[in-house]
Structure formats: structure tokens, C-alpha cells
J.: 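Below is a structure I'd like to ask you about.
As the structure is a computational prediction, the values presented were derived from the model and not from experiment. Atoms within a ligand are numbered from 1 in the order they appear, just like the ligands themselves.
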Amino acid sequence: MNKQQNGIKLSFLGGVGEVGKNLMVLEYNNEMLVIDSGLAFPSDDMPGIDIVIPDFTYLINNRQKIKAILITHGHEDHIGALPYLLRELPNVPVYASKLSVALIENKLKEHKKIKCKPICVKPKQVVKIGNFQVEFVKVTHSISGSMALAITTPVGVYFHTGDFKIDYTPIDGDAMDMVRLAEISRKGVLLLTADSTNAERPGFSMSERKVGATLDNLFVQNASKRIIIATFASNVHRIQQILNICEKYNRKIVFTGRSMLNICETAAKIGELNFNKEIVVDVNNMDKFEDSQICILCTGSQGEENSALTRMANGEFNKIEIGSNDYVIFSSSVIPGNEKEINNVINLLYSKGASIIYESLAEVHVSGHAYQEELKTIHTLLKPKFFVPVHGEYRHLKAHSNLAKDLGMNERNIVIPEIGDTITINKNVIKKSGTVPSGIKLVDGYEVSEAGGIVQRDRMQLAEEGICIVTITISAKNGSLTSKPDILTRGFMTIKGNEEMLEEVKDVLLNQIITANFKTQDWSMIKGNVKKTLQTYFFKKCKRKPLIIPIIIETN
Ligand SMILES: [Zn+2]
Ligand SMILES: [Zn+2]
């Protein structure tokens, strides 16, 4: 056996150098474990795309080696691509916590063909999977049921924090298992991979409980108003606090937004959310109560187009009309990239007379990711030999790497990964050892397509360059043209004022196709020539490259 085979390998299909679509592969000889399978949200240059998922080629090529998929927690950037991965690997067992299992099952309802039944695991539970022994460790984060992984491999212990913060006063009273961390550390930790999201932020993150105190104050100060709170549907502890405050001040709660209803129902069913059912009022019965007796809990904290809050702001939510007695709380952060949309919703709400409060005005939100001092605690406690920062853009990974160096770790023992990298770790050395196929796939409805594929290119071209449809009518009898070609354009020139140019285009086309023989010539070739002629013409005349669609119609 050569040295390479004696090491464990860690490959990255997402989640490094970016925020989103977390997916790592741990490998030893002929066995692989997949850690998380998350999605990312599309950027502006992906019109019509719902979500972005990692390219699974590496996993598909090695399907017989994959022993399990381990899920750290139920956020979309960790489970969002799971249905698409399970389409490719239908028989691989999935391990996850109770809430994660419930959220995954919810998701799989929309993917009827997948028969996977995720296996529910609890913190402290140890599962033997091939050569690996996987222990799940309780951590605190902005969703309950979050777990770190302590994986004993034939080479040594690998610890992955998953997303975490150290909250000493969590809402469920169940703090991160620091005792277990210390015990694991005593065995010696070979490799640590840890959440880098807030590696640039000094100090400690605030406890989730602080948000509860702020919200409580806001409820008192705005006792006569109708309160509307937008937050992340998956933040079950935040929602629990809001429910408690509503109960305390005798307000009824109205859930709006599909994911809010979905997740709250799921969480309540498995006992992760606890409240008196009588405080819930259906949106249709809301007008039986005074404004001061109502709290509306909704999605849309990121200004998402079809979310409940955006529809309210646009005046498109027919059961809720925003007015001057509304107090809107954004109990959320601004996810980079969403600034414009959120700003737009805030402006619309203000224009309807509502009062608004958001993160920069009061402590109505806390981050779910560890700040520098918390990261230092984990490094100091676990004392890993090697370190790989994960879950963050390059700057976050770099900051986390610097933090490890400040704590005395040798630079040679740290590797900052990029998507597609494989890192090999044996008892004495960590190094980048190669790459695996990686990239992105785009999901549009249920369809998965290549990035930059034909549909995508057409959409970009339509959006940026417009469209030109050419109709050529010929006689079915002899294949001759029955009239001048007809031209319809959208998105790059108006008919009005361009009549002359349009006539000229028709003539140019006519000159070209007049010699074509529609009886004997291949139509696709004729269409190809039409496209070429028009492309050259439009580019010369107006520096545009519209999508050109020639249609040939036979008439009697
Ligand atoms: Zn995450
Ligand atoms: Zn998370």
C-alpha cells in the first residue's frame, strides 16, 4: 500500500470560496462518506433558475464506494440539493437529526420517485459505517437539531463542526456539548474543518435569547399596533420566542407564507415548537380581532419576489393591507446579494405608512455562526493537528486560517481549499493532492441542466439582446415564395420609427432566399442561412445580437 492510500482524503464539491451548496466527501481507500448536500441561490446572470446545486459527477462515478450521506443540519445550504443527489444515488442511507429528517421528508414529498427514508440520529449517538465510526455531537446554531461530526477513521479523528455558534443560553436549554468536545480532544484530533462564516468578526456572537428580550420590548412599546414579523422560517427557536411573547401579551399569531406554514407545522408535529394551539388564527379570521391583538409571522425577510411580505408591500396580499398602524420587524440579517430587493420592500412598506425596524436599528437578529472568540474556543479545546477552514468565501477562509495561526498552528498544517480540490491527510502531512470533477448544475422547476446550457444561453440572449421572428411563407405546390418574409421583433428595436429599416431587412432576406429551392433544399440549411444573414445585418445596423427564429410555413 502506498502512502497516498494510507491517508484520508477530503474533496470539496461546494461550500468553500462561496456561501452555499455545502458538500464534502470523506474518503478512505474504497469507502466514501458524503457530508451535507446543499444548494445555492442563483446569481443575476441565471434568469429563470430556481436553485443551483453542485455537480455530482464525482459521486456518480464512485457510486459503489459511497456508504452514507451525513447531514449536519436542516438549512437549505446543507440539504437543498439532497433530492437531486438521491435521484442519482437512490440507495445510499442518509443520517440526520430529528428536525433535519422532518425537513428532508417534507422536501422529498415534492420528488415522488425518491423512496429514501432518512435515518434519525441523536447527539452522542455513534454509528459504524464501514471503516468509519461517526459520532454526532450537539452544537448550537440558528436551527435546532444541528450537529457536529466526530469521525474516527483508521488514520485518526476527523472533527467537522458543521454550522455552529456557542450559545450558552439557547432557547431549548440544551447548550453545545463542550464536555464531549473535551473528551474527543483527549483522544487526539487529527483534522478539524470548521465554520468560517464569521471568522472576520471579533468577539462573541450574541445569544439567541437577546433577540427575545428586544422583541419583548418592542411588543410593549407598540402595544396598540398590529405587529408583523418577517424572519427565516427555519429559525425554530426565533419562532418559539415570538410565540411565547405573543402568548404573554395576549396576541393571536397568524402564520403566512408557504414555507413558514410548512416548517412550523412540521416542527410542531415533532415537538420542536411548543405553543397553545388557541393562539393561532387563520388569516381569513383575522379581522375579528383588533390590531393590538394580532401578530403576523411571515416569510420574505430577504425581499423574495413571491413571499408573503413582498406581496403585502406590493398590495397583492388580498387579506392583509398594510397601513399606518402596522409595525414591521425584520428579524433577520441581509444576506449579501439581496440588498436591492429588501430595500425595495422597505420603501414600499414606508410608503404605505408602516413603521419598520431592522437589524441595524435594534437587536432584532443574531447570527447563527461563531465569531472569532468562539472559534478560538473550539480550536483550543480540540487542539487539532491539521486544520481546513470551510463554509465561507475565500476572505472568511483566509481569516479563519489566520486565526488558527495566531493560536500557534504551523502554517504547513493548514490548507485553504477551493471547489474541486482534494486534500490528503495522513498522520504527518496534509496537502492538496489533486482535483475531482466539480462545477454547478442549474435547477429550473424539476429540470436539472448544465450551467451555460442552451436554455440558459437563450434566456440570457432574450434578456439582453431581444428576439426576431422571421416567417417565410411558401407555396406547398411548387415551393416558391408567396410573399415577402414577415418580421417581428421584440426587445431591441421598435417598429415605430424603424419602418424603413424593417423593410430593408425584408429586402435583404428576400434577396437571399429568392434563390433557395424549398422543394429540394434542406430547410434547416435555409434557416441557418437566414439566421446568419440577419445576425450580420442587425449587428452592423444596431450592434445587437438578437435571438433569431426563422419559421417556414407552407400554404396551399
Ligand atoms: Zn450553512
Ligand atoms: Zn446553517
Side-chain angles (χ1 to χ4, degrees), residues 12-24 34-41 51-54 69-82 85 96-104 106-107 123 136-149 160-167 170-172 176 192-201 205-208 211 231-239 259 263 267 272 301-302 331-338 365-371 374-375 378 388-397 399-400 417 419:
F12 298 84
L13 299 189
V16 290
E18 65 174 356
V19 171
K21 62 179 175 61
N22 295 284
L23 199 166
M24 296 192 292
V34 175
I35 300 174
D36 288 332
S37 178
L39 61 72
F41 291 102
I51 61 170
V52 179
I53 59 174
I69 301 168
L70 312 173
I71 300 295
T72 58
H73 65 290
H75 275 153
E76 288 293 343
D77 59 327
H78 298 260
I79 64 166
L82 190 57
L85 181 57
S97 69
K98 191 159 99 178
L99 181 62
S100 305
V101 166
L103 294 174
I104 292 167
N106 244 352
K107 211 172 249 309
F136 298 88
V137 182
K138 158 92 194 188
V139 296
T140 37
H141 182 43
S142 44
I143 183 167
S144 47
S146 296
M147 299 186 297
L149 304 169
H160 173 55
T161 63
D163 292 10
F164 83 104
K165 69 188 278 185
I166 302 178
D167 192 341
I171 303 309
D172 60 1
M176 188 160 160
L192 170 69
T193 54
D195 182 355
S196 308
T197 316
N198 283 335
E200 289 182 310
R201 295 200 191 178
S205 68
M206 262 191 329
S207 169
E208 175 63 33
V211 178
T231 191
F232 302 110
S234 62
N235 197 334
V236 175
H237 287 158
R238 179 78 43 87
I239 293 167
S259 60
I263 293 183
E272 290 275 350
S301 66
Q302 299 305 307
S331 185
S332 55
S333 56
V334 175
I335 295 176
N338 298 338
H365 179 69
V366 293
S367 172
H369 300 273
Y371 284 27
E374 294 156 79
L375 295 174
I378 294 301
V388 176
V390 296
H391 203 285
E393 292 172 21
Y394 188 80
R395 57 189 284 183
H396 307 130
L397 306 183
H400 203 172
I419 293 178

J.: Applying side chain to side chain contact (heavy atoms under 4.5 Å, CB included), name anything that partners Ser207, two or more places apart in sequence or on another chain.
T.: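 Partners of Ser207 under the side chain to side chain contact (heavy atoms under 4.5 Å, CB included) test: Asp167, Thr169, Arg209.
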
J.: Indicate the ring-plane relationship of His78 and His73, choosing parallel, tilted or perpendicular according to the 30° and 60° boundaries.
T.: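 Tilted.
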
J.: Does the gap between the ring centers of His391 and His369 come in under 6.0 Å?
T.: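 Ring centroids of His391 and His369 are less than 6.0 Å from each other.
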
J.: My understanding is that only residues two or more places apart in sequence, or in another chain, count here; which of them pass salt bridge (charged side-chain N to carboxylate O under 4.0 Å, His left out) with Glu374?
T.: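 Glu374 satisfies salt bridge (charged side-chain N to carboxylate O under 4.0 Å, His left out) with no residue once adjacent residues are dropped.
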
J.: Would you list the protein N, O or S atoms within less than 2.8 Å of the Zn ion (ligand 2), leaving out water?
T.: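 Correct list: His73 NE2, His75 ND1, His141 NE2, Asp163 OD2.
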
J.: List for me each residue that meets side chain to side chain contact (heavy atoms under 4.5 Å, CB included) alongside Ser142, sequence neighbours excluded, and say none if there are none.
T.: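 If we apply the side chain to side chain contact (heavy atoms under 4.5 Å, CB included) test to Ser142, skipping adjacent residues, the hits are His75, Asn235.
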
J.: Spell out, as yes or no, whether a donor-acceptor pair under 3.5 Å connects the side chain of Lys138 to the backbone of Met147.
T.: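 No, Lys138 side chain to Met147 backbone: no donor-acceptor pair under 3.5 Å.
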
